Amino acid sequence: MAIRLPIQQSSLQTSSHMGFQRALVLCLAFVIVLFPGTGMGLEYRFGWEFFDGFFKENNYLNPATDTEPDTLDYDNTYAIIGAYPNVDVQFDKNFSAYFQAGVDWTHSWDEEDTDDWDAEVVGAAISYATPKFGADLGIQSFRPGKGLISYNDEPGISLQYKGWDRAFIKGDGFQVFDNSPMGMLSLGYHPGFLETVELFGAGFHEADDNMSDLFIPFYDGAVSATSGNIFYIGGMADFFLWDAYVSGIVIRESGSVEIDHATGGQKMDLAAYLMDVEISYPVVDRLSASAFIFFATGDSDPTDGDLTAFMSPMPFNDRTMIFFNGGFARYDVEESVVLNGVTWDGVVAPGIGLDYQVSPEIVTKMTVALLFPEKDPYNSQSWYGWETDAKVTYEFYPSQWLFFEAGILIHGNYWKNQLGYQPDPSTRLAAGLNLFF
């Protein structure tokens, strides 16, 4: 199982659809079936992760309701402390198991001054691996579309065949929400070191009414249920172009969405697109520069029967710290289908970045992005604004580091046109440490 990201994965997780007891029973059942003998020489490796972070966010997005439009006045200051013990078990050269639990404490200094404790099973999976074939069953990491389709740890199965020279085929099936499954099939090729070309297709059946919040503002709060069948097809590639490194993904979304509301029901066809491309180039020793563009279609009239806004279940986008990162929603994204363009008008976001390694232990990163509605790109009279972010990490010991992040989003005329006034900038400060043992 892949190593968890410090905050992003732990707090983007939904409640595990398989409880602690059920996960253990699953693992034990596989051990008993696969290894009925008692003479096994098992190898164990215990470890744990500790996270401590402080966050201060001002003027974040309060999504629209049936009575109120979008506003930019949400403030919060909060801290997260988490401990994540784990164990790896190697049964023989082919079979292994992984288990990780997590306990998080979050304290928020908002108007209610709240404390929240959360304990969950982060991962519990049995793995089988040979040089040509691999299989993983249980709660594990799934990142379809580089996390832009969905980003979570869920119960499911992952199968991979890599018996060809450099090609591979992979199939995933997992539960996104309580009753909403997703399946994905991908075919890829590794041209060289750190290079991959991959074609994929995925399907998602939404049966948990997790799109309702998106449509409530357009039906006067009278949305009673939503459902849908959503399909994704696309390609992604990571490769070297001389000294430059190119990373990109393009996705086409199709399918249908059904909405039940007070005056009846409506079925809408879905056709949307997403693109994310970045080119990085080493300028001098320890300094690299990059340019990127992120694009997600929007929909100016979601009730006309044809949906063109790109949406997906719990994606994660770290192009910028404030505007993206779950769509102004901080790290605690709830179980819902969200707009990848953040608002119904979609987004076009060109930007640049600089990465500078001050020393082997200290790495700095700076990002500047311009943010435009997809329906009216590059119009400075109706743009979202511009954002700049900075991050510094200091690895004071192997796999143990401190981090500091700061970001500011200066709002453009889009929000002035929506709200009738120019809102104050959105800001974010974060600091903390992450320890792996």
Side-chain angles (χ1 to χ4, degrees), residues 14 17 63 142-152 154 156-157 170-187 198-219 223-236 249-261 264-276 294-317 326-327 333-347 374-375:
T14 65
H17 305 296
F142 291 101
R143 307 286 184 263
K146 293 186 175 182
L148 295 173
I149 294 176
S150 187
Y151 185 106
N152 218 333
E154 300 291 351
I157 184 171
K170 184 179 180 182
D172 296 327
F174 57 99
Q175 199 78 3
V176 181
F177 305 126
D178 291 337
N179 302 294
S180 301
M182 176 176 282
M184 180 173 176
L185 182 66
S186 57
L187 178 64
E198 186 173 333
L199 299 175
F200 62 86
F204 169 61
H205 175 62
E206 209 288 276
D208 288 282
D209 194 29
N210 281 318
M211 291 185 287
S212 295
D213 289 346
L214 289 176
F215 294 96
I216 282 177
F218 301 99
Y219 293 93
V223 176
S224 59
T226 56
S227 61
N229 292 298
I230 302 177
F231 304 96
Y232 306 90
I233 186 170
M236 51 188 177
I249 183 170
V250 177
I251 308 172
R252 183 185 187 275
E253 181 180 36
S254 60
S256 62
V257 172
E258 295 187 28
I259 301 175
D260 294 329
H261 49 87
Q266 184 176 7
K267 184 176 181 179
M268 295 180 282
D269 294 326
L270 175 62
Y273 297 88
L274 179 148
M275 179 183 70
D276 187 18
F294 179 86
F295 166 89
T297 54
D299 192 330
S300 57
D301 186 5
T303 64
D304 65 357
D306 293 311
L307 281 175
T308 57
F310 197 101
M311 58 183 67
S312 56
M314 294 189 68
F316 181 72
N317 183 355
V333 178
E334 299 177 357
E335 293 190 13
S336 60
V337 177
V338 303
L339 301 170
N340 294 63
V342 180
T343 79
W344 276 104
D345 289 310
V347 67
E374 181 266 333
K375 294 299 181 182

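Here the structure is a predicted model, which is why all the values come from computation and not from measurement. Computation of the quantities below employed the complete heavy-atom set of this structure, encompassing side-chain atoms and omitting hydrogens, waters and symmetry-equivalent molecules.
Asn340 is linked by a side chain to side chain donor-acceptor pair (under 3.5 Å) to Ser312, counting only residues two or more places apart in sequence or in another chain. Taking the salt bridge (Lys or Arg N to Asp or Glu O under 4.0 Å) definition, one finds that Asp209 meets it with nothing, sequence neighbours left out. Applying the ring pair (Phe, Tyr, Trp, His ring centres under 6.0 Å) criterion to Tyr232, with sequence neighbours excluded, gives Phe310. Judged as a salt bridge (Lys or Arg N to Asp or Glu O under 4.0 Å), and not counting sequence neighbours, the contacts of Lys146 are Asp238. Considering only residues two or more places apart in sequence or on other chains, Phe295 meets the ring pair (Phe, Tyr, Trp, His ring centres under 6.0 Å) condition with none of them. For Asp260, the side chain to side chain donor-acceptor pair (under 3.5 Å) test picks out no residue, with sequence neighbours left out. With sequence neighbours excluded, the residues that form a side chain to side chain contact (heavy atoms under 4.5 Å, CB included) with Thr308 are Asp299, Lys375. Taking the ring pair (Phe, Tyr, Trp, His ring centres under 6.0 Å) definition, one finds that Phe200 meets it with nothing, sequence neighbours left out. Scanning for side chain to side chain contact (heavy atoms under 4.5 Å, CB included) contacts around Leu187 gives Ile169, with sequence neighbours left out. Every residue was checked against the side chain to side chain donor-acceptor pair (under 3.5 Å) condition with Glu258, not counting sequence neighbours, and none meets it. Residues passing the side chain to side chain donor-acceptor pair (under 3.5 Å) test with Ser254, sequence neighbours excluded: none.
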| For Phe142 and Ile149, what are the C-alpha separation, side-chain angles and deciding distance, and is it a side-chain contact (heavy atoms from CB on, under 4.5 Å)? | CA-CA 10 Å; Phe142 291 101; Ile149 294 176; over 6 Å; no

| request: Check the pair Leu148 / Ile249 against side-chain contact (heavy atoms from CB on, under 4.5 Å), numbers first and verdict last. | output: CA-CA 9 Å; Leu148 295 173; Ile249 183 170; 4.0 Å; yes

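Taken from CE in Met275 to OG1 in Thr297, the straight-line distance is 11.5 Å, to the nearest 0.5 Å. Here the straight-line distance linking atom CG of Leu270 with atom CE of Met311 works out to 6.0 Å at 0.5 Å rounding. Rounding to the nearest 0.5 Å places CD of Glu374 at 11.0 Å from CG of Leu274. Interatomic distance, Phe204 CZ to Met182 CE, rounded to the nearest 0.5 Å: 5.5 Å. In this structure, CZ in Phe174 is found 8.5 Å from CE in Met184, a value given to the nearest 0.5 Å.
A heavy-atom distance below 4.5 Å is not found between the side chains of Asp269 and Leu307. Proximity of Asp172 to Ile157: side-chain heavy atoms (C-beta onward) are nowhere separated by under 4.5 Å. Between Pro315 and Val338, the closest side-chain pair of non-hydrogen atoms falls below 4.5 Å. Between Pro302 and Trp344, the closest side-chain pair of non-hydrogen atoms falls below 4.5 Å. Between Asn152 and Phe316, the closest side-chain pair of non-hydrogen atoms is not below 4.5 Å. Between Ser336 and Met314, every side-chain heavy-atom pair lies at or beyond the 4.5 Å cut-off. Between Val347 and Val342 the shortest side-chain heavy-atom distance does not fall below 4.5 Å.
In this structure, a donor-acceptor pair under 3.5 Å is present between the side chains of Asp208 and Ser180. Glu206 and Ser227 share no donor-acceptor pair across their side chains, judged by distance under 3.5 Å alone.
Nearest heavy-atom pair across Ala309 and Glu253 is O-OE1, 3.8 Å. Scanning both residues, Pro313 and Ser150, for their nearest heavy atoms gives O-OG, 3.0 Å. Nearest heavy-atom pair, Met268 versus Ile259, reported as atom, atom and distance to 0.1 Å: CE-CD1, 3.0 Å. Residues Asp304 and Gln266 approach most closely at C-NE2, 4.3 Å, considering heavy atoms. Scanning both residues, Met211 and Thr226, for their nearest heavy atoms gives N-OG1, 3.3 Å. Nearest heavy atom pair, residue Phe231 against residue Gly203, reads CD2-CA, 4.0 Å.
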